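Below: one structure, written as structure tokens.
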Amino acid sequence: MILIDEDYYNTRFPIIGDFDLSKLDDNAKKFYLIEYSVYSSFLYDYLLKHTSIKKSDETLKNSTEYEFPTIEKDEMDLYQYLSIGKLNYFYIRNNIYLNRLSKEEQDFLIDRIKNKKFDYDDEVDKFINNTFKKLIFENVDEKNTPNIDLNFGPSSSYSFYASNDSLVIGERFYPYVKDLSTDELREKYMDRQMYIRSYLENVQSNLSNELNMKVSVIEYDENSIKKKANLNNQNTNYKM
């Protein structure tokens, strides 16, 4: 199980939502971060079951025409870090607001954690299907204003904007190559850039159709993420 700590959690962007972790005491914070991590894991399992995102991820991993080096763990942001063990390149870029769960839904998640029932079964599948949309959408205000585009950067480029009522999927690989000394190598590099942009458009269309909702797939690099400030304290495998 991937567990995030408070340092990771505090790198979220955008921060518009209706929950403030700092108001909780230490024990409540710790448990909330466990809940956040477990729910994230279940949400990934939901996408793996109901969409082609795993196949899309493996296509990049197994490509023989182009190289797509994966990102090292200590170079990942919060969102990609939570995808470890699930996907290599794609990851959920939305924030999750667990405070929007009903009492019954909260009890279900707490029961799963306390009893260490982390298998993805039919009950969890139904739970995620019934809850994830209300948990990942960014509430702009309390007056239900029309949906707007928000920056999922933190880069200010409009390419990082997506509707606040969409599933936002990030994609990131190590973009650099060792050798661009010849025209042939430079051309192959540019071809790869054109390929990935076209590929991500297809992934976005497929996910939107499979989930019957708005989906935005955004390509990230090291200049458009927020890394954890203190990487020395990160703990990937958490045993409960």
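Being a predicted model, the structure only gives us computed values, none of them experimental. Only heavy atoms go into these numbers, but all of them, side chains included; no hydrogens, no water, no symmetry mates. Just so you know, residue 1 is the first one in the sequence shown, and it goes up from there.
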Exercise. Quick one: side-chain hydrogen bond (donor to acceptor under 3.5 Å, both in side chains) partners of E201, sequence neighbours excluded?
Worked result: none
Problem set entry | Residue list, side-chain hydrogen bond (donor to acceptor under 3.5 Å, both in side chains) with D111, at least two apart or on another chain | N115
For this session: Kindly write out the residues that satisfy side chain to side chain contact (heavy atoms under 4.5 Å, CB included) with Y66, not counting sequence neighbours, or none if the list is empty.
Result: S63, F68, K188, D191, R192, Y195
Problem set entry | Non-neighbouring partners of S224 that pass side chain to side chain contact (heavy atoms under 4.5 Å, CB included), sequence neighbours left out | S155, F160, Y220, D221
Listed by chain and number, what are the salt bridge (charged side-chain N to carboxylate O under 4.0 Å, His left out) partners of [X], not counting sequence neighbours?
{"X": "E6", "value": "K29"}
{"X": "D179", "value": "none"}
{"X": "D121", "value": "R112"}
{"X": "K134", "value": "E105"}

Problem set entry | Other cluster members, Y161 - Ile/Leu/Val/Met/Phe/Trp/Tyr, side-chain contacts below 4.5 Å | Y158
Going by the salt bridge (Lys or Arg N to Asp or Glu O under 4.0 Å) test, which pairs reach into [range], not counting sequence neighbours?
{"range": "residues 31-40", "value": "none"}
{"range": "residues 38-54", "value": "D45-K86, K49-D125"}
{"range": "residues 154-170", "value": "D165-K214"}

